[in-house]
Amino acid sequence: MAGPGGGGCPAGGHDLQWCFSQVKGAVDEDVAEADIISTVEFSYSGDLLATGDKGGRVVIFQREQENKSRPHARGEYNVYSTFQSHEPEFDYLKSLEIEEKINKIRWLPQQNAAHFLLSTNGRFCFKLRGQDKTIKLWKISERDKRAEGYNLKDEDGRLRDPFRITALRVPILKPMDLMVEASPRRIFANAHTYHINSISVNSDHETYLSADDLRINLWHLEITDRSFNIVDIKPVNMEELTEVITAAEFHPLQCNVFVYSSSKGTIRLCDMRSSALCDRHSKFFEEPEDPSSRSFFSEIISSISDVKFSHSGRYMMTRDYLSVKVWDLNMESRPVETHQVHEYLRSKLCSLYENDCIFDKFECCWSGSDSAIMTGSYNNFFRMFDRNTRRDVTLEASRENSKPRACLKPRKVCAGGKRRKDEMSVDSLDFNKKILHTAWHPAENVIAVAATNNLYIFQDKVN
Amino acid sequence: VRGSSMSAEVPEAASAEEQKEMEDKVTSPEKAEEAKLKARYPHLGQKPGGSDFLRKRLQKGQKYFDSGDYNMAKAKMKNKQLPTAAPDKTEVTGDHIPTPQDLPQRKPSLVASKLAG
């Protein structure tokens with residue numbers, strides 16, 4: 001995966017070496033709920049990296065220009081802008097606390113100097129309130145000039161009486177310290193009753209979809225008071241509910257195609273050209289299951305927590321509790337690849353059900369060239385799978401490995417039997433240290449890993 | 001060995017089906033875990049899926065407090081114990097009257113993210 005352009009096949013078949021680059025966040029022992037990172041996303045160019053947290057705050061990092069004195073080191077990410085996207089609210093009408101946690105951030109492709117991103121909190125708002133704040137479009141713009149020389153105001157700032165202004169003075173633009181401003185440009189009237197799990201920008205750059213447990217809506221970026229419902233799986237009688245929508249995404253190239261995954265481990269591909277309401281899928285992806293191996297846990301661990309198209313648009317990847325699967329869009333009968341993330345947890349499912357960990361929603365991501373995939377695990381471990389060499393590695397995001405450019409040592413978990421010296425036993429894993437959110441730079445081997453309240457940035461070893 | 005039994009009778013020889021089940025428990029870690037769970041929660045439903053489970057999931061994290069309900073319940077049940085919910089495993093609805101202690105803390109005033117520090 002070394003070499004120009006990055007994200008590609010390993011040069012000469014050698015595996016990638018990952019090194020520590022940066023870590024952001026406090027070293028507190030006691031982590032406040034609000035500081036827990038809930039989403040991480042690189043912009044289309046990779047120059048910006050956005051994070052959202054449970055306190056409703058967004059922090060955007062920008063990559064520094066490469067240092068001329070160290071031409072081989074990549075630029076670092078430093079804070080560019082931060083703002084409160086969603087605020088905590090209490091709905092007095094229904095005595096409900098409306099959560100401000102940022103569930104998803106999605107960047108829009110950059111069309112001018114400003115950057116735009118969509119952010120959503122999970123909670124629903126009621127139409128009764130007339131205040132709908134679940135999906136917001138933010139404009140992030142830079143200001144490095146200020147107009148000076150207005151003669152409209154007195155020195156103390158009071159507006160002058162227009163009749164007393166006798167001279168025409170044209171203000172002059174003067175340079176000022178760079179200021180990055182974030183302003184909400186659209187607030188999309190809520191059309192969601194349930195927990196929003198996904199937003200996805202269409203390749204037409206004009207529309208986007210939002211999905212909750214039972215419905216998927218289509219929006220136009222310019223229109224905030226209306227959306228089209230394109231999928232509705234709510235049964236007339238809620239007693240008949242058997243599955244919910246867990247994730248949805250637009251195809252990266254075909255603007256009429258999207259997929260959505262379910263709590264039963266299935267994926268449906270829909271084509272918006274075939275009908276206005278896409279309740280009928282065009283393709284249905286499901287892996288056949290051996291009925292004799294079915295257990296109480298089968299359905300829970302098959303629930304798909306994330307679905308992502310490859311950059312090429314030819315494949316999609318799904319994450320369930322124990323594995324990551326790659327599907328060829330042309331083959332609905334089974335995945336073309338299955339990668340075990342932490343199979344050793346299969347013999348711990350009882351405890352994981354009791355402590356609710358079995359419901360943790362892990363995300364997954366592709367490398368820029370689609371040759372590798374990454375997903376998180378427990379104990380601040382994350383896993384990478386090289387699809388070409390078929391090799392996988394377990395790495396750890398830890399402050400102990402945070403010396404600049406220190407290479408990460410592969411970690412190993414011992415499932416049972418004799419444990420080697422540098423292996424960890426399953427029972428000593430810390431299940432509170434979950435890596436649910438990771439992101440891979442669109443073009444280079446730079447990754448961002450969210451470990452609770454800390455953001456780690458790793459890069460491949462530069463020769 | 002058969003499951004725990006109050007009877008002092010000598011257990012009958014296991015049928016072929018029971019033997020297969022026992023084999024499954026030995027060879028399949030998932031089935032062994034299922035047996036463990038059922039031993040701890042005998043009233044657990046057969047299927048984890050289904051509408052009850054999903055509806056609980058749809059409501060996950062949602063907690064409400066209605067002061068009117070709360071005060072009326074307190075008045076009615078002055079001498080009785082309030083039914084308590086098993087931690088995290090039941091919905092905050094129906095029999096269980098949410099108390100102020102059940103609710104998440106009101107949020108503190110808005111402060112900047114430490115990631116930007």
To the closest 0.5 Å, what do you measure between [atom1] ([X]) and [atom2] ([Y])?
{"X": "Asp35(A)", "Y": "Leu115(B)", "atom1": "CG", "atom2": "CG", "result": "7.5 Å"}
{"X": "Glu33(B)", "Y": "Leu345(A)", "atom1": "CD", "atom2": "CG", "result": "10.0 Å"}
{"X": "Lys348(A)", "Y": "Glu30(B)", "atom1": "NZ", "atom2": "CD", "result": "14.5 Å"}
{"X": "Ser113(B)", "Y": "Lys54(A)", "atom1": "OG", "atom2": "NZ", "result": "14.5 Å"}
{"X": "Ser347(A)", "Y": "Lys31(B)", "atom1": "OG", "atom2": "NZ", "result": "15.5 Å"}

Original post:
Do you know the tightest heavy-atom contact between Ala112(B) and Arg57(A)?
Top reply: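 Of all heavy-atom pairs spanning Ala112(B) and Arg57(A), the closest is O-NH1, 3.2 Å.
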**OP:** Specify the closest pair of heavy atoms between Thr82(A) and Ala116(B), including all atoms of both residues, with the distance to one decimal.
**Re:** CG2-CB, 4.0 Å
Original post:
Does the side chain of Arg40(B) come within less than 4.5 Å of Cys350(A)'s, by heavy atoms?
Top reply: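 SC-SC contact between Cys350(A) and Arg40(B) confirmed.
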Heavy-atom distance under 4.5 Å to chain B: side chain of [X], backbone, both or neither?
{"X": "Thr51(A)", "result": "side chain"}
{"X": "Ile60(A)", "result": "neither"}
{"X": "Ile37(A)", "result": "side chain"}
{"X": "Phe61(A)", "result": "side chain"}
{"X": "Asn78(A)", "result": "neither"}

**OP:** Go through the structure and list residues passing side-chain hydrogen bond (donor to acceptor under 3.5 Å, both in side chains) with Ser425(A), not counting sequence neighbours.
**Re:** Ser428(A)
Original post:
Which residues satisfy the side chain to side chain contact (heavy atoms under 4.5 Å, CB included) test with Ser402(A), sequence neighbours excluded?
Top reply: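 Partners of Ser402(A) by the side chain to side chain contact (heavy atoms under 4.5 Å, CB included) criterion, ordered by chain and then number, come out as Phe20(A), Arg399(A).
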Original post:
Does a donor on one side chain and an acceptor on the other come within less than 3.5 Å for Tyr41(B) and Glu354(A)?
Top reply: yes
